[in-house]
Trainee: 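Here's a structure for you.
Note on naming: letters A, B, ... go to the chains in the order of the sequence lines (proteins, then strands), and numbering restarts at 1 for each one. The structure presented is a predicted model; accordingly, all values stated were derived computationally and were not measured.
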Amino acid sequence: MAIKVITPGLSTTVQDLGRPGYYHLGFPEGGGMDRFATMVANLLVGNPEGAALLEATFMGPELEFTAPAVVAVTGGELPPKLNGVEQPTWESFPVKAGDRLSFGFLKGGARAYIAVSGGIDVPLVLGSRSTYVLGALGGFEGRAIKAGDELPVGQDSLGQGSGTPGRTLPPGLRRQEPADIEIRMLPGLYWHRITEAAGARFFEDVWKVAPEADRIGYRFRGGQPLEFVEREQPFGAGSDPSNIVDACYPYGSIQVPSGTEPIVLHRDAVSGGGYMMLGAVISADMDLIAQLQPHRPAQFVPVTLDQALAARADNGALFAAARAHLAP
Amino acid sequence: MAIRFSHGGDEHIFGEVSESMSLESFFTGLSMINAVRAAQIPGVIETCPANASFQVKFDPDKISPTDMLKELKSFEEQAATADQTLATRIIELPVYYQDPWTHETEMRFRERHQDPNSTDLEYSARVNGYATIEEFIAAHAGQPWFVSMVGFVAGLPFLYQLVEQKKQIQAPKYLRPRTDTPKLTVGHGGCFAAIYSVRGAGGYQMYGVTPAPIYDPSQKVRYLTEEMCLFKPGDIVKFRPQTRDEYDATLEAIEANEWEPAIRSCSFSLTEFNRDMAGTNARLMEALNGN
């Protein structure tokens, strides 16, 4: 069983839930940027939640199946079409040998997750099938898929009868995208490097997602430049006030090179570097960022550690409810 | 001096040993990370030493950020007094300085540089007080370097030269990062050399290229079959300047998979190095070149 790639979409990669444990060598955790959508797509087709699937960015691929399977599409609103006939999202549907899966225009969000019963069967590399494009590692030949590729499908399954069509996650159990995007972050790391007034402006300003927004990080534009607290730069840091002695970057950390455009590192984060960070986006809001399109307005909102943990618990409850609903 | 701890969101704790770079800070950070690894704390996911700081990623559902911070603080005293001696290795890496590929790349991004009328090498030689590029290269390749961090992208080493602080080469990063850097570029930013393991964006000044792969995800290169990445924190590196002909010959041998860098065991003691830098480096070179 295989999937033939007729057209690849804009940037479609094989992802699972990532390869934690190698960040000290510069390998990011990776995995589906929207973890909730990744998990749900797999459960809908009867796969374990960490099976490998396709993450399509902004635009869907066109795929042909060589054998029958069950498919589900979650995440951003990218309408699937089977042989030209529109299919529901967040619901599993059957495909036959020779069927073609294509997609309409993106109606919401930024990334869709396409799961196939059995999972995409690329080799495990450092414990994961996720594609790390920057390091040409994992996934399908370490890169985004191309026309002509044949993606092997495996036998990753939760057991007999689990891959049934027509299973759905009701809208009430999905993550609701708010009208106004508020990205919650915990101030810290090198927050002390900017003035109090600059800190206040950072939260007052409305930022917009820049076109440079990918799996490595999301850049934001439109706010006022940061003012730094004056100091003599420490030895080894470099001369710009935004420079630090190269350090580790947490996932979700917000760096501001030259104090102008904040960049939120995401699942394929560069593991370290020499720019100060204002703090990090809380874990509960990482999926939200994965679904932001360029030009989308957004504000950063400061939270305390206790608030971050409460949001994490709420987010965990969302995952638990979806798991319970989709239990085989 | 106390480590400055900060929560990085709910899943990370970041520890800054000092704002400025020093080998003392590196060793303290490494000792902290070694202590975390040895303690096998449930919930710890990633442990990363850096130049003068470190970071721990954990699952807050298994250990609360407050408890994780308490654990880390309990290691602080032990780390400050830990033995700063490493059983490590010295690796000799050929470098073709003033190569045509980094030159072509820096010319494409000239408007992003602080001095568009000089090359990266001319600029770096001048701001570091060297009369010629040749003298600058002699200083760069003359004394060994210490791998004080691996990261940014897979397998990229940050290197700190084993010389006194006033002799350290320092250079700013580009005003705006380039979108391209040739693979295996030897670059410099702040007081750090870096070797770009893959082609991609970068902000460091560019001085040359090494023919030797330092990262191989396919694990076919003969010295990278067991580990994809050549470097680990604590490794010592000596650059050896190559001519174009030598570079081409090395590259040919690498393509035939017949080449590997000289790698020898050695030890490094920070106390000994601080007492006698010249003597320590001479012993490192004996370890590399001796029989």
Side-chain angles (χ1 to χ4, degrees), chain A residues 20-29 125-126 132 134-138 142 185-186 188-192 216 231 233-240 243-253 257-258 270-275 277 279-284 286 305 308-309 311-313 316, chain B residues 6-12 14 16 18-22 25 33 45-55 57 60-61 64-66 149-156 158 160 165 168 170-173 175-177 189-192 194 197-198 200 203 215 217-218 227-229 231-233:
Chain A
Y22 301 92
Y23 210 39
H24 63 292
L25 295 172
F27 298 96
E29 189 174 52
V125 181
L126 303 178
Y132 168 46
L134 211 51
L137 179 100
M185 62 87 82
L186 184 66
L189 303 172
Y190 288 85
W191 178 262
H192 58 279
I216 300 168
R231 69 166 175 182
Q233 281 293 94
F235 174 77
S239 50
D240 190 274
N243 288 157
I244 57 170
V245 166
D246 293 61
C248 294
Y249 288 153
Y251 302 100
S253 60
S258 304
V270 287
S271 70
Y275 293 112
M277 300 158 275
V281 171
I282 65 173
S283 60
M286 291 292 278
L305 184 57
L309 290 172
R312 182 182 177 86
Chain B
S6 175
H7 291 282
D10 48 323
E11 294 186 336
H12 308 83
F14 178 87
E16 185 186 63
S18 64
E19 281 194 320
S20 55
M21 177 57 193
S22 69
S25 298
I33 288 298
I45 298 170
E46 289 177 330
T47 52
C48 306
N51 294 308
S53 57
F54 58 89
Q55 179 179 300
K57 179 175 195 252
D61 302 335
S64 78
T66 316
M149 177 170 169
V150 175
F152 180 59
V153 292
L156 181 149
F158 291 84
Y160 179 79
Q165 199 181 88
Q168 297 261 335
Q170 289 201 77
K173 292 150 200 168
L175 295 177
R176 285 184 298 131
C191 66
F192 298 103
S197 49
V198 295
Y215 166 63
S218 69
E227 307 275 351
M228 292 179 195
C229 304
F231 294 110
K232 294 191 279 288

Trainee: Is it the side chain or the backbone of Asp246(A) that comes within 4.5 Å of chain B heavy atoms, both, or neither?
Mentor: both
Trainee: Only one of Tyr251(A), Tyr23(A), Tyr22(A) passes side chain to side chain donor-acceptor pair (under 3.5 Å) with Glu46(B); say which it is.
Mentor: Tyr251(A)
Trainee: If you count heavy-atom pairs within less than 4.5 Å of chain A, which of Ala154(B), Pro65(B), Ser6(B) leads?
Mentor: Ala154(B)
Trainee: May I ask you to test the Ser22(B)-Phe235(A) pair for a side-chain heavy-atom distance under 4.5 Å?
Mentor: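 Not touching, per the 4.5 Å side-chain cut-off.
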Trainee: What are the two closest heavy atoms between Ser271(A) and Gly151(B), and how far apart are they?
Mentor: OG-CA, 3.2 Å
Trainee: Mind checking the NZ-NE2 spacing from Lys57(B) to His24(A)? Nearest 0.5 Å is all I need.
Mentor: 14.5 Å
Trainee: Looking at Lys173(B), Arg176(B), Lys232(B), which has the largest count of heavy-atom pairs under 4.5 Å with chain A?
Mentor: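 Option with the top pair count is Lys173(B).
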Trainee: Could you check if a side-chain atom of Met228(B) sits within less than 4.5 angstrom of a side-chain atom of Leu126(A), using non-hydrogen atoms only?
Mentor: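 Yes, side chains in contact.
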Trainee: Given that the side chain runs from C-beta out, which part of Phe231(B) has a heavy atom under 4.5 Å from chain A: side chain, backbone, both or neither?
Mentor: backbone
Trainee: Below 4.5 Å from any heavy atom of chain A, which atoms of Ser53(B) appear? Answer side chain, backbone, both or neither.
Mentor: side chain
Trainee: Give, for atom CG of Leu305(A) and atom NE2 of His7(B), the distance between the pair rounded to the nearest 0.5 Å.
Mentor: 5.0 Å
Trainee: Any side-chain heavy atom of Val245(A) sitting closer than 4.5 Å to one from Phe158(B)?
Mentor: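 When only atoms from C-beta onward are counted, Phe158(B) and Val245(A) do not touch, as no gap falls below 4.5 Å.
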Trainee: Work out which heavy atom in Ala50(B) is nearest to a heavy atom in Ala247(A); give both atom names and the distance.
Mentor: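 Shortest heavy-atom contact: CB-CA, 4.1 Å.
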Trainee: Of the backbone (N, CA, C, O) and the side chain (C-beta and beyond), which part of Ile244(A) lies under 4.5 Å from a heavy atom of chain B, both, or neither?
Mentor: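 Answer is backbone: N, CA, C or O of Ile244(A) sit under 4.5 Å from chain B.
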Trainee: Heavy-atom distances under 4.5 Å only: say whether Pro233(B) touches chain A with side chain, backbone, both or neither.
Mentor: neither
Trainee: Let me know if Val198(B) has heavy atoms under 4.5 Å from chain A in its side chain, its backbone, both or neither.
Mentor: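 The answer is the side chain of Val198(B).
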Trainee: Which answer fits His12(B), side chain, backbone, both or neither, if we ask what part of it has an atom under 4.5 Å from a heavy atom of chain A?
Mentor: side chain
Trainee: Taking Gly274(A), Ala313(A), Ser283(A) one by one, which has the highest count of heavy-atom pairs under 4.5 Å against chain B?
Mentor: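 Highest number of heavy-atom pairs under 4.5 Å: Ser283(A).
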Trainee: Given the options Ile45(B), Asp61(B), Leu156(B), which has more heavy-atom pairs under 4.5 Å with chain A than any of the others?
Mentor: Asp61(B)
Trainee: Based on non-hydrogen pairs under 4.5 Å, which of Gly21(A), Cys248(A), Gly238(A) is most in contact with chain B?
Mentor: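 Of the candidates given, the most pairs with chain B belong to Cys248(A).
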Trainee: Using non-hydrogen atoms only, which part of Pro20(A) is less than 4.5 Å away from chain B: side chain, backbone, both, or neither?
Mentor: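 Contact with chain B: backbone and side chain both.
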Trainee: With sequence neighbours left out, what residues match Glu16(B) under salt bridge (Lys or Arg N to Asp or Glu O under 4.0 Å)?
Mentor: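 Glu16(B) satisfies salt bridge (Lys or Arg N to Asp or Glu O under 4.0 Å) with Arg4(B) only.
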Trainee: Could you look at Ile33(B) and say if it's the side chain, the backbone, both or neither that has a heavy atom under 4.5 Å from chain A?
Mentor: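 Neither part.
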Trainee: Where on Ala237(A) is there a heavy atom nearer than 4.5 Å to chain B: the side chain, the backbone, both, or neither?
Mentor: backbone
Trainee: Heavy-atom cut-off 4.5 Å, strictly under: side chain, backbone, both or neither for Ser258(A) against chain B?
Mentor: side chain
Trainee: Measure Phe152(B) against the heavy atoms of chain A and call it side chain, backbone, both or neither at under 4.5 Å.
Mentor: both
Trainee: Determine the option with the most heavy-atom pairs under 4.5 angstrom with chain B, choosing from Ile216(A), Val270(A), Leu186(A).
Mentor: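 Top option by heavy-atom pairs under 4.5 Å: Val270(A).
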Trainee: Between Ala280(A), Ala284(A), Gly236(A), which residue shows the highest count of heavy-atom pairs closer than 4.5 Å to chain B?
Mentor: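 That would be Gly236(A).
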Trainee: Side-chain contact, heavy-atom cut-off 4.5 Å: Pro250(A) with Glu11(B)?
Mentor: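 No, their side chains stay 4.5 Å or more apart.
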